[in-house]
Amino acid sequence: MAFPRISHDPAVMGGKPCIRGLRITVGTIVGLVASGSSRERILQAYPLLEPADIDEALAYAAWRLEEREEALVLS
């Protein structure tokens, strides 16, 4: 699945998934939504964010929760 608004750069926030290379992590956005902050309040607090960034952060977090690692079984 592609998430063009999500970036991973070891030089930015220690490689955590961020929004468009900004120093705003997906975890920050998801945490704000989870704590009840409105989209409008998040966009006011982070003026560089766009509404689509919030949508993609939530979609990325949901996708990551569904992803799982399987042990390689050699026969």
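The analysis underlying the following values was restricted to heavy atoms, covering all of them including side chains, and did not include hydrogens, waters or symmetry mates.
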*CD1 on I29 to SG on C18, rounded to 0.5 Å*: 10.0 Å
*Search all heavy atoms of P4 against all heavy atoms of E56 and return the closest pair with its distance.*
N-OE2, 3.0 Å
*Are I6 and L22 connected, step by step, through hydrophobic side chains (Ile, Leu, Val, Met, Phe, Trp, Tyr) whose heavy atoms are closer than 4.5 Å?*
yes
_Donor-acceptor contact below 3.5 Å, side chain R41 vs main chain L32_ = no
*What closest approach, in Å, do V30 and A61 show between heavy atoms, and which atom pair accounts for it?*
CG2-CB, 3.7 Å
*Consider only side-chain heavy atoms of I, L, V, M, F, W and Y, link residues closer than 4.5 Å, and tell whether L43 and V26 are in one cluster.*
yes
*asked:* Could you check whether R39 pairs with D55 (Lys NZ or Arg NE/NH1/NH2 to Asp/Glu carboxylate O, under 4.0 Å)?
replied: yes
*Parallel, tilted or perpendicular: which fits the ring planes of W63 and F3, with parallel below 30° and perpendicular above 60°?*
tilted
*How long is the span from the CZ atom in R20 to the OG atom in S7, to the nearest 0.5 Å?*
9.5 Å
*Would a hydrophobic clustering, with Ile, Leu, Val, Met, Phe, Trp and Tyr connected at side-chain separations under 4.5 Å, put I19 with V12?*
no
*Any link between I54 and L65 through a network of hydrophobic side chains (Ile, Leu, Val, Met, Phe, Trp, Tyr) touching at under 4.5 Å?*
no
*Do M13 and Y60 belong to the same hydrophobic cluster, where Ile, Leu, Val, Met, Phe, Trp and Tyr are linked whenever their side-chain heavy atoms lie under 4.5 Å apart, directly or via other members?*
no
*asked:* Is it the case that the side chain of T28 and the backbone of I24 share a donor-acceptor pair, with hydrogens and angles ignored and the cut-off at 3.5 Å?
replied: no
